[in-house]
S.K.: 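One structure, as structure tokens, below. Some questions next.
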Number of protein chains: 2
Amino acid sequence: MQTPTIRDVAARAGVSVATVSRVLSEHPSTSAASRQKVLSAAADLGFRPNAQARSLRRTRTNTIGVLVSDVRNPFFAEIAHTVEQTALSHEMATLLCNADESTEQQDHCLDLLVSQRVDGMIVTPQGDGSGSLREVLSLGLPVVFVDRTIDGVEVPSVTSDNRTGIVEAVQHLAGLGHRRIGYVAGPQVTSTGRERLAAYREAVADAGLDTDPGLVFEGDFRSASGVAGARALLALPDPPTAVLAADSLMTFGVLLECRDRGLRIGADLSVIGYDDIESFGLVSPPLTVIAHDPSRMGALAVDMIRDLLAGEPVTSAVLTSSLVLRGSTGPAGGTR
Amino acid sequence: MQTPTIRDVAARAGVSVATVSRVLSEHPSTSAASRQKVLSAAADLGFRPNAQARSLRRTRTNTIGVLVSDVRNPFFAEIAHTVEQTALSHEMATLLCNADESTEQQDHCLDLLVSQRVDGMIVTPQGDGSGSLREVLSLGLPVVFVDRTIDGVEVPSVTSDNRTGIVEAVQHLAGLGHRRIGYVAGPQVTSTGRERLAAYREAVADAGLDTDPGLVFEGDFRSASGVAGARALLALPDPPTAVLAADSLMTFGVLLECRDRGLRIGADLSVIGYDDIESFGLVSPPLTVIAHDPSRMGALAVDMIRDLLAGEPVTSAVLTSSLVLRGSTGPAGGTR
DNA sequence: CTGAAAGCGCTTACAG
DNA sequence: CTGAAAGCGCTTACAG
């Protein structure tokens, strides 16, 4: 037998489908008697409401689309997890898509989410706001950007302050006597990549440190580019005494390269990472990092989507980032 | 204006909705002329098919539910990522849920997935197969278990051989002269936890090593229990000279504790981890691990769901696990 | 409080 | 090849 429908429940309870619907969706206008009959009939039959049918009728799916660059990145995994849990607590489902740092795949995902008629989307955007993203926005679908934004695209967002942490990191290193600080930058097609690099440049200049452009290596937010960045920087005629990376995966790559070269972190090379990822705890000494809060970002993004759906005004949020001092930095030229 | 429907397209193209539907779903019986008119009308209007309506009518959603214990666990993130990408390549969406290692939450997620009428589910199950899981199965919904299984529940699954890797690891350590091998076990309410522990016990006995039950600490697949396990084992009057952990997060915990105690891995304590997680590369020397293939598991699981949907027979798959020798083990009592 | 009826946006036999 | 019509499983004004 097929999954029972509301009709089957109505028949068994001896009431109309309208009454069944009202009882099941907790509409106030129902008598205790029918409530009773319906509930027990539904239980007997093992009735499972069909969300598809309900959505079609209500023109609302109770589903939110989540588009991240890659769940395998711990930072985004944390966001995805929190979004899912928060949504679940409001009886909403989440449709997860990975853009894999590809604009083409991002478009594909957006199309899918639109077809699924998600009520809103939480996205870590990339690219210039053309393609499917533009279409989605013109549809008036509630969208919240998380972590990243797109210039010229007016969408509520929850991001981190990409400046303070970097500035604190540079000042801290300057205080330790470092004059040449290597920087593994994020891709300049992302807002986070751009803002963090700008902050680095500004802080380096303000502190009167070496502004040699060779100290900046542009990576792509993947670990391999962290490795490549570390190699390039350490191969300079006058290599940096400290290295800063613009996200967790690239930090990871830098650390891998240090391990391969047998460099003692904090002594041979000072390293400051980005994102307070649990696995950085494996490094010895513990890594000094620029921390922000992906979990809070995810939770806030869901709140914002819910506000948008409720027609309430929302304002973008910028969370703080800050330097968490641990043991991976030391005086310049320590034991070299 | 609302999102255009098939009616709007029909009106603009000057054909019936039936024809529009046929063209859009690539039904063979359509003339080139109407195809042309429909396609351009759809494009003009920016028509987006409503997956909800289609699903209701077709009684098929083209969506597959994915229930993992926790996406923040790199092992499951990898599975989730592959499942999503593979599904996407077949134009299917994935609904992701995290059970957070809680049977209650697992039930909640299953209910949600049923209501969403996913075509099938890929789940990393836990518990005894009662509750919502039993209901779901009695519904006849295609389900594939991944990584874990449940005793007495007949569901096609793709798992790893939980025995070989462990046996190889124990033999390897025995060959290095270790007599007392500590084991941080997974929760015994999971099939993987049970099978791996059984393999450890068998291998230890076969190699004639110390079978002291105190050498086994039962963790819960979270990093904190790896820390606790390492502490408990190292606090024994006669502590083990090598430690093996039953999953990535607990391995992680063991490594954290080693770092905190300043133990030199491979010299002061031999360590073998489970899962070939990228972040284990941060450890020095590189970690010897028992590796299996989450990505392949995810891809296979999708194939199996598709076969089930197509009414084809499927057989469970057991992938291999094996020891990957790197540098984290050394002779027993090395430099103690 | 309750029921009959219309309709959400599609698909698909059934005729032609 | 094409159209009219029924129907997927719900919800919700509209009467009563």
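Only heavy atoms go into these numbers, but all of them, side chains included; no hydrogens, no water, no symmetry mates. Just so it is clear, the structure is predicted and the values come from calculations on it, not from any experiment. Reminder, nothing fancy here: chain letters follow the sequence lines and each chain counts from 1.
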S.K.: Rounded to the nearest angstrom, tell me the gap between atom CG in B:D8 and atom C1' in C:dC10.
M.R.: 13 Å
S.K.: Strictly by salt bridge (charged side-chain N to carboxylate O under 4.0 Å, His left out), give each pair with a member in residues 106-128 of chain A just once, sequence neighbours left out.
M.R.: A:R60-A:D119, A:D111-B:R48
S.K.: Could you tell me the separation between the CZ atom of B:R60 and the P atom of C:dG9, rounded to a whole number of Å?
M.R.: 24 Å
S.K.: Given atom CG of A:L45 and atom P of D:dG9, what is their separation to the nearest angstrom?
M.R.: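 Rounding to the nearest Å, CG of A:L45 and P of D:dG9 are 14 Å apart.
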S.K.: Distance between the C1' atoms of C:dG16 and C:dT12, in whole angstroms?
M.R.: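 One C1' to the other, the span is 16 Å.
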S.K.: Could you tell me whether A:R48 contacts a base, only the sugar-phosphate backbone, or nothing, with contacts defined as non-hydrogen atoms closer than 4.0 Å?
M.R.: sugar-phosphate
S.K.: Hey, which sits more toward the 5' end of DNA chain D by its nearest nucleotide, B:S16 or A:L56?
M.R.: B:S16
S.K.: Could you spell out the base pairing of DNA chain D as a dot-bracket line? Use Watson-Crick and G-U wobble contacts where both distances are under 3.5 Å, [ ] for crossing pairs, | for partners on a different strand.
M.R.: |||.||||||||.|||
S.K.: Apply the test side chain to side chain donor-acceptor pair (under 3.5 Å) to residues A:S31 and A:S34: give CA-CA distance (whole Å), side-chain angles for both, the deciding distance (0.1 Å), then the verdict.
M.R.: CA-CA 5 Å; A:S31 66; A:S34 42; 2.7 Å; yes
S.K.: Whole angstrom is fine here: how far is it from CG in B:N62 over to P in D:dC8?
M.R.: 20 Å
S.K.: Can you tell me if A:T5 touches the phosphate of D:dG9, counting only side-chain N or O atoms and a distance under 4.0 Å to OP1 or OP2?
M.R.: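 So the side chain of A:T5 is outside the cut-off, no N or O lying under 4.0 Å from OP1 or OP2 of D:dG9.
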S.K.: Can you find a heavy atom in the side chain of B:H108 that is under 4.5 Å from one in the side chain of A:E91?
M.R.: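 Side-chain contact under 4.5 Å: yes.
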S.K.: Rounded to whole Å, please give me the gap between NZ in B:K37 and P in D:dT2.
M.R.: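 B:K37 atom NZ is separated from D:dT2 atom P by 8 Å.
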S.K.: Given C:dT2, is OP1 or OP2 found less than 4.0 Å from the side-chain N or O atoms of A:S31?
M.R.: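 True: A:S31 side-chain N/O within range (under 4.0 Å) of C:dT2 OP1/OP2.
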S.K.: Looking at A:E26, I want to see if its CD is surrounded by more than 12 non-hydrogen atoms of other residues, nucleotides or ligands under 6.0 Å.
M.R.: no
S.K.: Under a 3.5 Å threshold, yes or no: a donor from one side chain and an acceptor from the other, between B:Q85 and A:Q105?
M.R.: yes
S.K.: Yes or no on side-chain contact (heavy atoms from CB on, under 4.5 Å) for B:D220 and B:E101, after CA distance, side-chain angles and deciding distance?
M.R.: CA-CA 9 Å; B:D220 63 3; B:E101 303 283 358; over 6 Å; no
S.K.: Is a salt bridge present between A:R222 and A:D70, judged by a nitrogen-to-oxygen distance below 4.0 Å?
M.R.: no
S.K.: Give every pair of a protein N or O atom and an N or O atom of nucleotides 11-15 of chain C that lie under 3.5 Å apart, one pair per line with the distance.
M.R.:
residue: C:dT11; atom: OP1; partner: B:R54; partner atom: NE; Å: 2.8
residue: C:dT11; atom: OP1; partner: B:R54; partner atom: NH2; Å: 2.8
residue: C:dT11; atom: OP2; partner: B:S21; partner atom: OG; Å: 2.5
residue: C:dT11; atom: O2; partner: B:R57; partner atom: NH1; Å: 2.5
residue: C:dA13; atom: N6; partner: B:R22; partner atom: NH2; Å: 2.9

S.K.: Using only side-chain N and O atoms of A:S34, determine if any of them is under 4.0 Å from OP1 or OP2 of C:dC1.
M.R.: no
S.K.: Flag yes if more than 12 heavy atoms outside B:R296 fall under 6.0 Å of its CZ atom; otherwise flag no.
M.R.: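 For B:R296, atom CZ is not crowded (no more than 12 foreign heavy atoms under 6.0 Å).
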S.K.: In terms of heavy-atom contacts, does CD of A:E154 have more than 12 from other residues, nucleotides or ligands at under 6.0 Å?
M.R.: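 Result for CD/A:E154: open.
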